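The structure appears right after this line, and notes come after that.
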There are 4 protein chains.
Amino acid sequence: MSADPQIPLRADARRNRDQIIAAARLIFAEYGPEVPMEEIARSAGVGVGTLYRRFPDREALIREVAVDNFSRVLQDARAAITEEPTWWQALVRLLYQSVELHLSIQLAMLSKKALEIVKDDPAITQLRDDLLVEVDTMVRGAQEEGDLRPDVGAGDVAMLFALLLRQMESRRPEIAEMSTARCITIMIDGLRANPGTPLPGRPLNRHDIN
Amino acid sequence: MSADPQIPLRADARRNRDQIIAAARLIFAEYGPEVPMEEIARSAGVGVGTLYRRFPDREALIREVAVDNFSRVLQDARAAITEEPTWWQALVRLLYQSVELHLSIQLAMLSKKALEIVKDDPAITQLRDDLLVEVDTMVRGAQEEGDLRPDVGAGDVAMLFALLLRQMESRRPEIAEMSTARCITIMIDGLRANPGTPLPGRPLNRHDIN
Amino acid sequence: MSADPQIPLRADARRNRDQIIAAARLIFAEYGPEVPMEEIARSAGVGVGTLYRRFPDREALIREVAVDNFSRVLQDARAAITEEPTWWQALVRLLYQSVELHLSIQLAMLSKKALEIVKDDPAITQLRDDLLVEVDTMVRGAQEEGDLRPDVGAGDVAMLFALLLRQMESRRPEIAEMSTARCITIMIDGLRANPGTPLPGRPLNRHDIN
Amino acid sequence: MSADPQIPLRADARRNRDQIIAAARLIFAEYGPEVPMEEIARSAGVGVGTLYRRFPDREALIREVAVDNFSRVLQDARAAITEEPTWWQALVRLLYQSVELHLSIQLAMLSKKALEIVKDDPAITQLRDDLLVEVDTMVRGAQEEGDLRPDVGAGDVAMLFALLLRQMESRRPEIAEMSTARCITIMIDGLRANPGTPLPGRPLNRHDIN
DNA sequence: GATGAATGAGCTTTCATTCAT
DNA sequence: AATGAATGAAAGCTCATTCAT
């Protein structure tokens, strides 16, 4: 009888699993969530059989990639809070950093189907909620410090964030990169305190965006 | 006399064609550019055969939907220029309006494949260029009038615009709509003259985004 | 009330019918019996609708083309008998001439499906039988005159004939034509009286080949 | 060790591949090169998927069947040369034998489309050329020995050969078989030295028929 | 456990035939 | 009566998933 409940994968199996997730992240980002499973397997250097042994079907793989991704962003958010001197700076850093870090799977999530898959997964929901708690904290902190306009909520910031996660397509990658940075900055300026325009509706908080 | 070039489709054929494009626009927007053709046909109220008679393959349909879409946005842009008192207001109106109007095919264009298809079509390229000329005019005008920050170009605005065209997904549509409006407003505030943050890189003009 | 039982087509309708058969003959010969009906219609200069008004379906068209073809060959055979001084010469002429004349639909008939269609049509069966009677006459005549080897029957000749009706494919048409003429001549030499080799089996007569 | 180039298919895959080619040969011969792929798959006892895994599309399958076929004929030709006492007898044997053996794909080649497909395949071209070299040798040998009329070339023989490869259609198979044998014999007699009729054109050599 | 072969459902596209104009 | 548009069944091909090696 083995002891561990979650029998921790053998070293090589572990390696395979990680390679697959890493490969899937890239491939999903590049070709969307409908790429042939075989493509992902090849790019991970394993056979389809192995892929299916680890992830019972495409949905499971998408879910795992999402978990992996949210974990990273959550880590980033916490690091930003710990390391930056002001809430505002933490927020700004998250906006910049996470884009560069995760220009990947999120793309895939644009797809209605992918969204559905991810939406009801408890692990992902949990991570998402954890992340929104951190963002909410940053938002309130930055507002108290007078750096962030008071009429936005964590939901607004998350939406802006989501918008940015869609990688720009452009024939010239250096333009795409520059453009992304410029767009973020423009948005950040729009978020700054004392803006000129009252926002329509009401602040979206972290529960509004479910 | 008579002799229109392009023998102008029989009345019923014309009607069908229009219905198909309209349906495709919606369906592409909702499910992405890979929806079964049959779906599109059904939703247009015709048989697949009819769809294929009019558009030799999926690519052709995507192209035509894109042409249709760009034409509308171009029209919008020109109307905004004609009807709004300042360049800045024309620009703002375009940002708001086009999102509401064209939350559709653009979505599709997120897909790498769809982009490829559209990129090399001469009709689309032409429309796109025409549109960028209008935007460029608005940008320069608004900058001269001191409403728009001087360190952005038509390319930056187009990128922002493109960003917005990806419809937000949300379980609750009223939240999605509100969120879109708020995001646009935040961006517009970021675009206003006298911003706090110098933008990275240099203004992207209409040629940068090819 | 119209008088004729077979209401003889109006002049223009007649013309259409003939054009369609002529076109079908060529197209079948070139692309086989499965060409799109639309192709045939276009090449006959009419709409599909017209084609279908005249011939209820593809089978009917194939049948009519076959009737047209057999009639021509039958005419050729009779002309050869009338005009040539010996039976042998009539036979030879038929072999050469009909190839040139009817390199067409016969090709199509190689197709199993086309054969089935044609096999049971009474008009075609009749024409075929008439033709075989003429060939039989030539064969017996030429044998009595000592020009044709005595161990062949009308069936053998028909089979040889059928063989030749399959047009040779070749990249260079002048070679194809020369090759056909040479093959016929070689066969004719093989048919001549006093051959070196006894033929296997027994003479095939006109009933053997059904 | 190991390291065969072309990783030599797993045993079961190999078996399937062979079954598919064998089935395709028969089915093509019977129904022409346009039979539903599903038909071929069923008759080979595999699913369509398997067929498509092995042969990317119909063209590829046709090509492989052709390669298989030409290889067999080439083998026959060489065996005939080795085993028969005279060149003439080798030629005669090839004519008889190959018909019986390969009454198959050749049929398919009657189709214009099939021809195109096969024409530009280097493997097939090579086999064809090899075969023509053997035929050329037989022809010259038989002519030197005085058995074959001097005014024919390897091209003429190849054309005759091609003609024969089109299986005769007949309701009664024993008649079809007898007829084939008789036709071949008649042709062979036509090929014998001291023929009565000068052939039109000039001897076609193996390059004439490209 | 890993691999890649086999399967078959599903989507794309074509085309015979019908029918509105 | 002629035309060409619409339809839908059928064929080609792809790919998720299963299973033998």
Side-chain angles (χ1 to χ4, degrees), chain A residues 9-10 12-13 16 34-42 44-61, chain B residues 7 9-17 20 34-42 44-61, chain C residues 9-10 12-13 16 34-42 44-61, chain D residues 7 9-17 20 34-42 44-61:
Chain A
L9 294 174
R10 243 169 54 186
D12 57 341
N16 273 342
E34 325 236 85
V35 263
M37 294 296 265
E38 190 119 17
E39 209 66 17
I40 298 171
R42 171 173 26 271
V46 303
V48 248
T50 305
L51 197 167
Y52 273 92
R53 165 176 291 275
R54 241 17 109 197
F55 308 92
D57 57 18
R58 175 185 297 277
E59 298 209 358
L61 176 58
Chain B
I7 319 118
L9 289 179
R10 240 167 57 182
D12 56 342
R14 175 87 227 159
R15 198 169 334 109
N16 274 337
R17 199 198 123 94
I20 292 170
E34 326 234 85
V35 260
M37 293 295 262
E38 191 117 17
E39 209 65 19
I40 298 172
R42 171 174 24 271
V46 303
V48 246
T50 303
L51 197 166
Y52 274 93
R53 166 182 280 271
R54 228 38 89 193
F55 308 92
D57 56 18
R58 176 187 296 279
E59 298 209 357
L61 176 58
Chain C
L9 293 175
R10 244 169 53 183
D12 57 342
N16 273 342
E34 325 235 84
V35 263
M37 294 295 264
E38 190 118 17
E39 209 66 17
I40 299 171
R42 170 173 26 269
V46 303
V48 250
T50 306
L51 196 166
Y52 273 91
R53 166 176 293 274
R54 242 18 109 197
F55 308 92
D57 58 17
R58 175 186 296 277
E59 298 209 358
L61 176 57
Chain D
I7 319 118
L9 289 179
R10 240 165 59 181
D12 56 343
R14 175 87 227 158
R15 200 169 332 111
N16 274 336
R17 199 198 123 95
I20 291 171
E34 325 235 85
V35 260
M37 294 295 264
E38 190 116 17
E39 209 65 19
I40 297 171
R42 168 171 29 268
V46 303
V48 246
T50 303
L51 199 167
Y52 275 94
R53 165 183 280 271
R54 228 38 87 195
F55 308 93
D57 56 18
R58 176 185 297 277
E59 297 209 359
L61 177 57

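No experiment lies behind these values; they were computed from the predicted model shown. Naming: A, B, ... by sequence-line order, numbering from 1 per chain. Both backbone and side-chain heavy atoms feed into the values below; hydrogens, waters and symmetry mates do not.
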What is the separation between atom [atom1] on [X] and atom [atom2] on [N], rounded to the nearest whole Å?
X: D/Arg17; N: E/dA6; atom1: CZ; atom2: P; answer: 12 Å
X: C/Glu39; N: F/dG4; atom1: CD; atom2: C1'; answer: 15 Å
X: B/Met37; N: F/dG8; atom1: CE; atom2: C1'; answer: 16 Å
X: A/Leu61; N: F/dT17; atom1: CG; atom2: C1'; answer: 14 Å
X: B/Glu38; N: E/dA9; atom1: CD; atom2: P; answer: 17 Å
X: B/Arg14; N: F/dG4; atom1: CZ; atom2: C1'; answer: 17 Å
X: A/Arg42; N: E/dA5; atom1: CZ; atom2: P; answer: 12 Å
X: C/Glu34; N: F/dA10; atom1: CD; atom2: P; answer: 15 Å

E/dT21 - base-pair partner by Watson-Crick or wobble geometry, distances under 3.5 Å: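 When the pairing criteria are applied, F/dA2 turns out to be the nucleotide that pairs with E/dT21.
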
Any strand: nucleotide that pairs with E/dT13 via Watson-Crick or wobble, under 3.5 Å: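 With both distances under 3.5 Å, E/dT13 matches F/dA10.
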
Are OP1 or OP2 of [N] and a side-chain N or O of [X] less than 4.0 angstrom apart?
X: C/Tyr52; N: E/dT17; value: yes
X: C/Thr50; N: F/dT3; value: yes
X: B/Asn16; N: F/dA5; value: no
X: D/Arg58; N: F/dC13; value: no
X: D/Arg54; N: E/dA6; value: yes

Candidate nucleotides E/dA6, F/dT7, E/dC11, ranked by approach to the side chain of D/Arg53 - the nearest: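 Selected nucleotide (nearest to the side chain): E/dA6.
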
Nearest listed nucleotide, side chain of C/Val48, among F/dT3, E/dT17, E/dG8: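 Ranking F/dT3, E/dT17, E/dG8 by closest atom to the C/Val48 side chain puts E/dT17 first.
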
C/Arg54 side chain vs C/Leu61 backbone, donor-acceptor pair below 3.5 Å: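 Checked: no pair found.
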
If every non-hydrogen atom of [X] is compared with every non-hydrogen atom of [Y], which pair is closest and at what distance?
X: D/Thr50; Y: D/Asn16; answer: CG2-ND2, 4.1 Å
X: A/Asp57; Y: A/Met37; answer: C-CE, 4.2 Å
X: A/Val46; Y: A/Leu51; answer: CG2-N, 4.5 Å

Closest-nucleotide 5' rank along DNA chain E - winner of B/Arg15 and C/Glu59: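 Per heavy-atom nearest nucleotide, the more 5' residue is C/Glu59.
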
B/Ile20 vs B/Arg17, side chain to side chain contact (heavy atoms under 4.5 Å, CB included): CA-CA, chis, key distance, verdict: CA-CA 5 Å; B/Ile20 292 170; B/Arg17 199 198 123 94; 5.7 Å; no

Of B/Val46 and D/Asp57, the one whose closest DNA chain F nucleotide lies more 5':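 Upstream on the strand: B/Val46.
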
Closest-nucleotide ordering on DNA chain F, the 5'-leading residue of A/Val35 and A/Gly49: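 First, find each residue's nearest nucleotide; the 5'-ward one identifies A/Val35.
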
